[in-house]
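All of these numbers come straight from a predicted model, not from anything done at the bench. In the text below, chain A, chain B and the rest are named by the order of the sequence lines, each starting its count at 1.
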Number of protein chains: 2
Amino acid sequence: MTPRTSAQGQSTRTDSATTSVEDYAKTIYGLAEWDDTAVSASALAKTLGVSNPSVTLMVRKMADLGLVDHQPYAPIRLTEQGRQLALAMVRRHRLLETWLVRELGYGWDEVHDEAERLEHAVSETFVDRLDARLGHPRVDPHGDPIPGPDLSMDHPDTELLCRVPTSSAVRLEQVDDSVPDALRVLAEQQVEIGAQVHVTASESGDVVVARTDAGEGIRLAHELAHAMRVSVVRSDGSGASGPGDLEN
Amino acid sequence: MTPRTSAQGQSTRTDSATTSVEDYAKTIYGLAEWDDTAVSASALAKTLGVSNPSVTLMVRKMADLGLVDHQPYAPIRLTEQGRQLALAMVRRHRLLETWLVRELGYGWDEVHDEAERLEHAVSETFVDRLDARLGHPRVDPHGDPIPGPDLSMDHPDTELLCRVPTSSAVRLEQVDDSVPDALRVLAEQQVEIGAQVHVTASESGDVVVARTDAGEGIRLAHELAHAMRVSVVRSDGSGASGPGDLEN
DNA sequence: TTGCAGTTTTAGGTATGCCTAAACCATACT
DNA sequence: AGTATGGTTTAGGCATACCTAAAACTGCAA
């Protein structure tokens, strides 16, 4: 947990933010969150599950609303205002997930879709009261940091599991909540956030992790290892680094 | 609490039920719940805050979906399937309100709008888990009965406060959750559901109620008295009945 | 430098759900 | 019975947000 992203200016949540606009903002933010890549229209389209032309139109609209910067044929970037909208949505989403798991008996692999719908329906008041009731959690059940009321957020510096070199000791920090398979595998193996494991093998993104240095391993397909983020506890120089993240 | 409305056939919640369809069904049900009047298009339009033509179109659509019976120029009636959709929405709404009041510190005059939005966003699973967490409440904070998982519901036989004769002793049973002023007045006067009060005066729908037979009264405008339902504990024959419900 | 491949945008169209204005029916009253 | 009044429906439109097909641009490569 090192840098602390801070966002000023409270409720810049424009009333003209429809459900779609909220989703676009959140998705643009999510695509650029880790790698600071500018976002292409087609990446957005793929992630949102809509056609490319739809993205063009929606992005134009969001530019008019002052939520994104976008010149024709150029990549898409959130404005400060857009970033705040996105963070507000992230806050809602993660607080809702925390609540669903803690108080409604949901499994951590079941909450994503429910939160995805609820986040567009709750009021600012609701979010603040929920936050208070939960004791102002800083992290959701998947290990993702929760933006505070001022939208500032701890930004842990973690590594994709699929990019960690063999023979490292790592601590599981975050799991992508939108990949239920990853969540299910971990739940089955009783590996929880904060658990320390060893990367015993790693090839073309597939990763084998074991609970102890010599223990039996759990094989994780690239797709799953790509959904997990870890902090490196000990990096054994001997192990060759995995070939990196193949598909973008 | 006498008759018990029972509705078979669980989750007849058609997937083609959009937010609008859900609102229409709930509103049609609500308008016909107490008085078993068939619902006119314009009453629906007024309640929903949309134009008359919009209602015609939507009702046609709902007839195609099998949710209402409707011949041109005739009143509108829910089919069994429509009634079940409506009851499912009522269940959601009242459970959400109960939760907001009990666990999120909302006042009973603040929950309506929030529940109104949330009820369209929650899943069947969510509703059932919430119901379980709350201990399967049979009544919401406003005294309205909550349909069970099978959509059956106690149907208390109560009277509009504005129609109760002077000098009756009554118990407050229900307050319309969509009339925040009524809720606020009662909260200010610390009159709660189940409280017994005396109707000491009543003219053209305005009603004065007092905590004791001789105590000082609280004057309730017709509009507010119309939003409260009571059960009559003692009806003093001497008092003249109010002139009844004027509008509608 | 020209051309091609891939991305992005324009053009034109669908579905939902709402609107106003105008036509229509049905009933109640003279 | 004839007609006025009001509720209801048709007709024609608007906004959102999506689609496919076709045109346009960018930038890399021969």
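At the phosphate of C:dG17, OP1 or OP2 sits under 4.0 Å from a side-chain N or O atom of B:Thr18. At C:dT8, one or more side-chain N or O atoms of A:Ser42 fall inside 4.0 Å of OP1 or OP2 (strictly under the cut-off). The shortest distance between the side-chain N/O atoms of A:Arg60 and the OP1/OP2 oxygens of C:dT10 is below 4.0 Å.
When all heavy atoms of B:Ile28 and B:Leu44 are compared, the pair lying nearest together is CG1-CD1, 3.7 Å. For the residue pair B:Ser123 and A:Tyr106, the shortest heavy atom distance occurs at OG-OH, 3.9 Å. Heavy-atom minimum distance, A:Met58 versus A:Thr18: CE-OG1, 4.3 Å.
Separation of atoms OG1 (B:Thr125) and CD (A:Glu114) is listed at 7.0 Å; rounding is to 0.5 Å.
A:His112 has its ring centre no less than 6.0 Å from the ring centre of A:His142.
Closest to the side chain of B:Ser40, out of D:dT16, C:dT8, D:dT8, is D:dT8.
Against DNA chain C, the stretch residues 48-59 of chain A makes heavy-atom approaches under 4.0 Å through A:Asn52, A:Pro53, A:Thr56.
Residue pairs that meet the salt bridge (charged side-chain N to carboxylate O under 4.0 Å, His left out) test with at least one member in residues 95-108 of chain A, sequence neighbours left out, are A:Glu103-A:Arg133, A:Glu103-B:Arg133.
Rounded to whole angstrom, the span from the NZ atom of B:Lys46 across to the C1' atom of D:dT8 amounts to 17 Å. At whole-Å resolution of the value, CG in A:Leu44 and C1' in D:dC18 are 15 Å apart. In this entry the distance linking NE2 of A:His70 with C1' of D:dC25 reads 13 Å, nearest Å. The distance from atom CE of A:Met62 to atom C1' of D:dT16 is 15 Å, rounded to the nearest whole Å. At whole-Å resolution of the value, CG in B:Asp23 and P in C:dC18 are 9 Å apart. The separation between A:Lys61 atom NZ and C:dT10 atom P is 17 Å, rounded to whole Å.
Residues meeting the side-chain hydrogen bond (donor to acceptor under 3.5 Å, both in side chains) test with B:Asp69, sequence neighbours left out: none. The side-chain hydrogen bond (donor to acceptor under 3.5 Å, both in side chains) check on B:Arg60 picks up nothing, with sequence neighbours excluded.
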Could you go over nucleotides 2-6 of chain C and give all protein N or O partners under 3.5 Å, atom names and distances?
none

What protein N or O atoms touch nucleotides 25-27 of chain C N or O atoms at under 3.5 angstrom, if any, and at what distances?
none

Audit row: A:Lys26, A:Val90, side chain to side chain contact (heavy atoms under 4.5 Å, CB included) steps and yes/no: CA-CA 7 Å; A:Lys26 203 179 54 153; A:Val90 168; 4.1 Å; yes
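Residues B:His93 and B:Asp177 have side chains that bring a donor and an acceptor to within less than 3.5 angstrom of each other. Judged purely by distance below 3.5 Å, without hydrogens or angles, the side chains of B:His226 and B:Asp176 never pair a donor atom with an acceptor atom.
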